[in-house]
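Structure record follows, encoded as structure tokens.
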2 protein chains.
Amino acid sequence: MAKSDAATPRERYRAQVRAEIKQHAWEQIATAGASALSLNAIARRMGVSGPALYRYFAGRDELITELIGDAYRSLADAVHAAAVTGADPAALAHVLRDWALADPHRYFLIYGTPVPGYHAPDEITGISQEIMADLLTAWTAYEPDVPASPFAAHLADHRDWAGGHPAPPGALRRALAFWTRLHGVLSLELAGHFTGMGFDPALLFRAELDDLVGRED
Amino acid sequence: MAKSDAATPRERYRAQVRAEIKQHAWEQIATAGASALSLNAIARRMGVSGPALYRYFAGRDELITELIGDAYRSLADAVHAAAVTGADPAALAHVLRDWALADPHRYFLIYGTPVPGYHAPDEITGISQEIMADLLTAWTAYEPDVPASPFAAHLADHRDWAGGHPAPPGALRRALAFWTRLHGVLSLELAGHFTGMGFDPALLFRAELDDLVGRED
DNA sequence: GAGGCTCCGTGATATCTTCTAACGGAAATT
DNA sequence: AATTTCCGTTAGAAGATATCACGGAGCCTC
């Protein structure tokens with residue numbers, strides 16, 4: 001979507017084709033997951049023949065890498081859009097949940113089983129820090145004075161991941177728990193581990209969230 | 001390992017070859033993950049030619065399904081071995097963590113990104129309930145009287161997953177949080193999402209565990 | 001113990017995948 | 001208008017799953 005107004009017509013055409021490839025890739029991922037992503041199938045659906053796609057992506061890995069980046073970007077944008085309106089942690093939690101439920105495969109592309117050889121480029125680390133920054137800001141505003149704890153002190157001493165954010169130790173601890181606990185519930189729910197167990201996953205999510213924000217669970 | 005003393009020599013040989021195939025499969029999974037599992041590669045390493053393996057497994061999916069079952073069985077055995085010695089929830093947590101760290105790919109085989117077409121057979125559901133039963137027993141013994149909460153009440157009304165276990169509502173809630181929170185930390189750690197963040201994942205795991213068992217975090 | 005049955009492993013084959021290489025043509029640049 | 005650049009094609013290598021028909025070895029029955 002970005003930089004569709006490139007300098008030369010060549011670059012514009014190239015960007016358009018790349019976008020079309022990625023769109024077909026997303027449809028395929030949403031249908032059968034990332035492991036079933038096939039360059040040949042995309043080419044077939046686009047009406048071109050296989051190797052044509054290699055003019056736009058070096059290979060399957062590069063395409064997936066770019067899709068992972070787009071997924072991160074999408075999540076960061078969703079979180080940030082809510083954060084700039086002054087959303088509290090509970091609101092951000094529901095943004096996260098809605099984003100995950102909208103396309104589970106996209107969520108697993110980010111937080112699922114890591115691809116064997118894949119290593120996240122620096123760009124991903126940056127986006128990840130953007131998300132964390134919004135969480136830290138929300139937690140700092142929501143609960144300025146969290147009682148100190150040994151682990152919070154450890155986090156205060158190892159706050160590289162906060163990227164210079166001035167969040168107090170308690171907010172570091174809360175933001176981290178927010179991430180890991182909600183991911184725990186979401187990933188198990190999306191993977192279907194709760195199906196047949198009887199209870200309502202939405203209520204479990206809500207209960208974990210309520211526990212985080214200090215209400216009754 | 002089980003039923004290696006079969007009736008006929010044929011069945012014994014068959015079981016042995018199946019075990020050997022699975023062993024090579026585990027080595028391959030531990031090296032490059034489940035997605036890189038190749039029947040051809042296994043056959044090559046065993047000194048037989050490709051289609052020979054189809055006498056023992058209907059296909060790649062059946063082999064993976066069986067490996068998932070073995071992984072579940074391994075985890076359930078590890079948990080149960082500790083549970084029968086009267087281990088408290090904290091001890092079970094470290095059993096879980098040790099089991100996960102011993103072979104991350106095996107952990108992801110169970111709790112990672114679900115395979116597109118795969119649906120867990122009833123046997124898996126049973127093993128899953130075994131694990132949950134040990135958790136429920138440990139939590140019931142450790143903390144008999146957990147204050148009631150709305151979500152605990154919901155769990156008490158929807159306790160199919162407990163499989164008739166007489167755990168009180170509070171233990172249901174605790175066991176579920178134990179599962180989702182520790183999985184949240186473990187899966188993110190094993191997937192490498194904490195690398196480069198600076199803090200010690202072991203301390204985060206410990207902090208989450210301490211929070212579960214009611215100590216300072 | 002000999003015949004027959006069952007099952008195992010093989011090679012050949014079909015179809016799928018990613019990915020490289022060489023060729024022809026169209027489009028943009030000069 | 002000529003040249004250069006880039007795009008899409010076909011052909012092909014290497015490897016994957018999976019099926020099939022065949023020959024042979026082992027087991028079971030008579």
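Note: hydrogens, waters and symmetry copies are ignored here, and every other heavy atom, side chains too, is used. Bear in mind that the values here come from a model prediction, so they are computed numbers and not experimental data. Every chain is numbered from 1, with letters handed out A, B, ... down the list of sequences.
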Among [options], which nucleotide sits nearest the side chain of [X]?
{"X": "B:Ala52", "options": "C:dT18, C:dC8, C:dG9", "value": "C:dG9"}
{"X": "A:Tyr54", "options": "C:dG11, C:dC19, D:dT17", "value": "C:dC19"}
{"X": "A:Arg60", "options": "D:dT9, D:dA16, C:dT18", "value": "C:dT18"}
{"X": "A:Arg14", "options": "C:dT10, C:dT17, D:dC7", "value": "D:dC7"}
{"X": "B:Arg44", "options": "D:dG8, C:dT10, D:dA16", "value": "D:dA16"}
{"X": "A:Ser49", "options": "C:dC19, D:dT10, C:dC23", "value": "D:dT10"}
{"X": "A:Leu39", "options": "C:dC23, D:dA16, C:dT18", "value": "C:dT18"}
{"X": "B:Pro51", "options": "C:dC8, D:dC7, C:dG11", "value": "C:dG11"}

Per-pair distances, 0.1 Å, donor-acceptor, side chain in residues 33-49 of chain A, under 3.5 Å, sequence neighbours excluded:
from: A:Ser38; atom 1: OG; to: A:Asn40; atom 2: N; distance (Å): 3.3
from: A:Ser38; atom 1: OG; to: A:Ala41; atom 2: N; distance (Å): 3.1

| message | Counting only heavy atoms not in A:Glu123 (residues, nucleotides, ligands), do more than 12 fall under 6.0 Å from its CD? | response | no
| With a 4.5 Å heavy-atom cut-off, do A:Leu75 and A:Tyr107 have their side chains touching? | no
Short heteroatom pairs, N/O only, protein and nucleotides 3-6 of chain C, under 3.5 Å:
from: C:dT6; atom 1: O2; to: B:Arg10; atom 2: NH1; distance (Å): 3.4
from: C:dT6; atom 1: O2; to: B:Arg10; atom 2: NH2; distance (Å): 3.4

| field | Pair B:Phe199 + A:His154: ring centers closer than 6.0 Å | value | no
